[in-house]
Amino acid sequence: MRFLTVVALIGSLYGINAYQTVKLNTGYEMPILGLGTWQAHGAEVKQAVKDAIEIGYRHIDTASDYGNEEDVGQAIAESIKAGVIKREDIFITTKVWPHDDRKKALDEVHQSLTKLNVTYLDLVLVHFPWGNFVEVYKGLEDAYNAKLVRSIGISNFNEKDTDKLVAETTVKPANNQILTNPKARSDGYID
């Protein structure tokens, strides 16, 4: 809980609160501040997700590769059951691994839905621009067209990879989730 309080305080210093949103190109509102769950598992991630929801976070970020979607899903389900939130009040982002295959990407979305115990995902991203990431993204387009996901996008893509993807696919990415901090600057993408 201490970590989440520090993150909330840092966000407030920059004028960001847990309820601030940005409208995606699909029309859905995505909370700007979210809880990332990388390297957290079991009771630790469950408690972190529940604590985050309790203090106002409405965006939870995970990935199939993190190996914690079931724990994240359980925490969200427990928060819903306890009446802290409703499903429509929480924005769930997950990522698929770029394994060169459109069908595998769609299958991974189905697996994430099962593990997270939800009927739809708010945002699904291609985790990295590796391999045949265009085919993987087309699998996400299939999931989007089947209404399994509300928005699709990319993560860790540079300008060249983004341009290639946009030129070869139909659904424009809703966002590009990038790592940025004092040691990993992303100046070309941030105003």
Fill in: Residue from F157, F133, W97 passing ring-ring contact (aromatic ring centres under 6.0 Å, His included) with F128
W97
Practice prompt. Please answer: with hydrophobic residues joined when any side-chain heavy atoms are less than 4.5 Å apart, are L140 and V166 in the same cluster?
Written response: no
Worksheet item: Between K95 and D65, does at least one N-O distance fall below 4.0 Å, as a salt bridge requires?
Response: no
Worksheet item: Looking at CG of L35 and CZ of R58, how far apart are the two atoms once the value is rounded to the nearest 0.5 Å?
Response: 12.0 Å
Discussion item. Going by the rule side chain to side chain contact (heavy atoms under 4.5 Å, CB included), which residues pair with A174 if we only count those two or more places apart in sequence or in a different chain?
Written reply: L24, N25, L123, S151
Discussion item. Would you say that V49 contacts T37 through its side chain, given a criterion of any heavy-atom pair below 4.5 Å between the two side chains?
Written reply: yes
Worksheet item: Looking just at side-chain N and O atoms, do D61 and Q177 make a donor-acceptor pair shorter than 3.5 Å?
Response: yes
Worksheet entry | In one Ile/Leu/Val/Met/Phe/Trp/Tyr side-chain cluster, 4.5 Å: V45, V84 | yes
Worksheet item: Is N68 close to T62 at the side-chain level, that is, under 4.5 Å between some pair of heavy atoms?
Response: yes
Fill in: Approximate separation, where rounding is to 0.5 Å, of I76 CD1 and D71 CG
11.0 Å
Response to the item:
Distance col, row K46:NZ vs S79:OG, nearest 0.5 angstrom, shows 12.0 Å
Worksheet item: Is there a side-chain contact between V126 and S155 (heavy atoms, below 4.5 Å)?
Response: no
Fill in: Single-linkage hydrophobic cluster Y66~L121, side-chain heavy atoms < 4.5 angstrom
no
Response to the item:
dist I154:CD1 -> Y137:OH (nearest 0.5 Å) comes out at 7.5 Å
Practice prompt. Check whether any side-chain heavy atom of L113 sits under 4.5 Å from a side-chain heavy atom of T119, and report yes or no.
Written response: no
Fill in: Beyond-backbone contact of R102 with V136, side-chain heavy atoms, under 4.5 angstrom
no
Worksheet item: Would K138 and E135 pass as an ion pair if we require N to O under 4.0 Å?
Response: yes
Worksheet item: Is K164 salt-bridged to E168, cutoff N-O under 4.0 Å?
Response: yes
Discussion item. Measuring only between side-chain heavy atoms, which start at C-beta, is L148 closer than 4.5 Å to L106?
Written reply: yes
Worksheet entry | Y120: side chain to side chain contact (heavy atoms under 4.5 Å, CB included) partners, not counting sequence neighbours | R87, E88, D122, R150
Worksheet item: Any luck finding a side-chain donor-acceptor pair between T94 and E69 under 3.5 Å?
Response: yes
Discussion item. Just verifying a value: how many Å separate N176 CG and N156 CG, rounded to the nearest 0.5 Å?
Written reply: 7.5 Å
Worksheet item: How many angstroms lie between CG in L33 and OG1 in T21, if you round to the nearest 0.5 Å?
Response: 12.0 Å
